[in-house]
2 protein chains.
Amino acid sequence: MQDSLRRFKAGIFQALAHPSRIAIVELLRDEGEVPVGRIYERLGLEQANVSQHLAVLRSKEIVTGRKDGNQVFYSLRDRIIGKVLDLLRQYFQAHLQEALELLKDMRKDEHLSG
Amino acid sequence: MQDSLRRFKAGIFQALAHPSRIAIVELLRDEGEVPVGRIYERLGLEQANVSQHLAVLRSKEIVTGRKDGNQVFYSLRDRIIGKVLDLLRQYFQAHLQEALELLKDMRKDEHLSG
DNA sequence: GCTATATATTCGTAGATTCGAATATTGTCA
DNA sequence: TGACAATATTCGAATCTACGAATATATAGC
């Protein structure tokens with residue numbers, strides 16, 4: 001059970017481990033029910049890409065979709081996920097200096113490999 | 001900055017998105033400072049593997065290592081990470097039924113692909 | 001110095017993830 | 001029914017991740 005719980009947590013983290021998916025979750029946290037079209041317009045992403053990211057979030061039951069006519073309205077299934085993001089924002093601010101260094105390094109790595 | 005923060009969060013989630021790394025973090029949360037040898041004995045993992053996982057956690061500054069003679073003692077850098085895991089445990093329990101289904105599906109997928 | 005112990009890194013390969021392009025599905029409205 | 005709009009799925013290529021085996025580095029004690 002210890003192990004199941006860890007695999008469960010790892011699955012959730014995996015699903016959240018992408019900037020676009022975090023952006024989606026934050027949008028749903030802030031706006032409640034949002035149709036897919038609005039998601040990709042707001043975030044400036046491809047339709048297919050957003051649909052794929054939503055599939056990942058759905059597969060871990062982080063979001064849920066309600067079909068209404070032609071559209072699908074997505075929303076968060078539980079407020080806890082929003083709280084997790086808030087904790088990380090706190091964390092980011094507490095370690096602001098290092099966090100910025102870390103991001104700089106991440107960018108540097110991109111350049112090296114690009 | 002919105003975007004930086006999201007990349008930062010995604011990096012943290014990425015680092016936590018593995019059952020072994022979650023196990024390591026939980027061990028450090030429960031025991032404080034722990035030498036590498038104890039980590040891989042307790043978790044039944046290869047030395048190299050643990051070292052690689054620790055490198056991932058270090059790169060996101062989730063853990064820190066203190067060298068003492070021959071050994072390196074690792075610990076969590078911030079209690080917030082422990083809180084994040086606690087929130088997810090709550091979440092797991094709140095959605096216990098679905099969570100178990102989800103895990104069953106994950107196992108099924110493994111079998112299909114293996 | 002030499003040997004043993006603890007930890008880290010590198011390397012190769014298998015598997016997973018990401019993305020856009022193309023295509024499929026589903027619902028609406030005439 | 002046909003044309004259109006919204007969303008989902010499939011496919012292939014590029015990139016990333018995980019693991020064990022082998023190797024490297026650092027420190028202790030003799």
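Chain letters run A, B, ... following the sequence lines, proteins first and then strands; every chain starts at 1. Hydrogens, waters and symmetry mates play no part in the numbers below; they use all other heavy atoms, side chains included.
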Which residue, Val56(A) or Asp68(A), contacts DNA chain C at a nucleotide closer to its 5' end, judged by nearest heavy atom?
Val56(A)
Nearest-angstrom distance from the residue atom NZ of Lys67(B) to C1' of dT5(C):
13 Å
Salt bridge (Lys or Arg N to Asp or Glu O under 4.0 Å) partners of Glu31(B), counting only residues at least two apart:
Arg38(B), Arg42(B)
Please tell me whether Leu28(A) and Val56(A) are part of a single hydrophobic cluster in this structure, the criterion being side-chain heavy atoms less than 4.5 Å apart.
no
Find the distance His53(B):NE2 to dT7(C):P and express it as a whole number of Å.
16 Å
Between atom CD in Glu46(A) and atom C1' in dT18(C), what is the gap in whole Å?
13 Å
With rounding to the nearest 0.5 Å, note down the distance linking CZ in Arg21(B) to CD in Gln14(B).
7.0 Å
To the nearest angstrom, how far is Leu45(B) atom CG from dA18(D) atom P?
13 Å
Gap between atom CD1 of Ile62(B) and atom CD1 of Ile80(B) - 0.5 Å precision:
12.0 Å
Shortest non-hydrogen separation from Arg58(A) to Ser51(A) and the atoms involved:
NH2-O, 4.2 Å
Between His53(A) and Val50(A), is there a side-chain heavy-atom distance shorter than 4.5 Å?
no
Tell me which residues in residues 17-31 of chain A put a heavy atom below 4.0 Å from DNA chain D, sorted by number, or none.
none
Are Asp86(B) and Lys83(B) within salt-bridge range, i.e. N to O under 4.0 Å?
no
Distances for protein N or O near nucleotides 7-12 of chain D N or O, under 3.5 Å:
from, atom 1, to, atom 2, distance (Å)
dT7(D), OP1, Val36(A), N, 3.3
dT7(D), OP1, Val72(A), N, 3.3
dT7(D), OP2, Gly37(A), N, 2.7
dA8(D), OP1, Tyr74(A), OH, 2.5
dA8(D), OP2, Ser51(A), OG, 2.9
dA8(D), O5', Ser51(A), OG, 3.4
dA8(D), N7, Gln47(A), NE2, 2.7
dA8(D), N6, Gln47(A), OE1, 3.2
dT10(D), O4, Gln52(A), NE2, 2.9

For Glu98(B), is there an ion pair with Lys60(A) - N to carboxylate O distance below 4.0 angstrom?
no
For the pair made of CD in Gln14(B) and C1' in dA16(C), what is the distance, rounded to whole Å?
11 Å
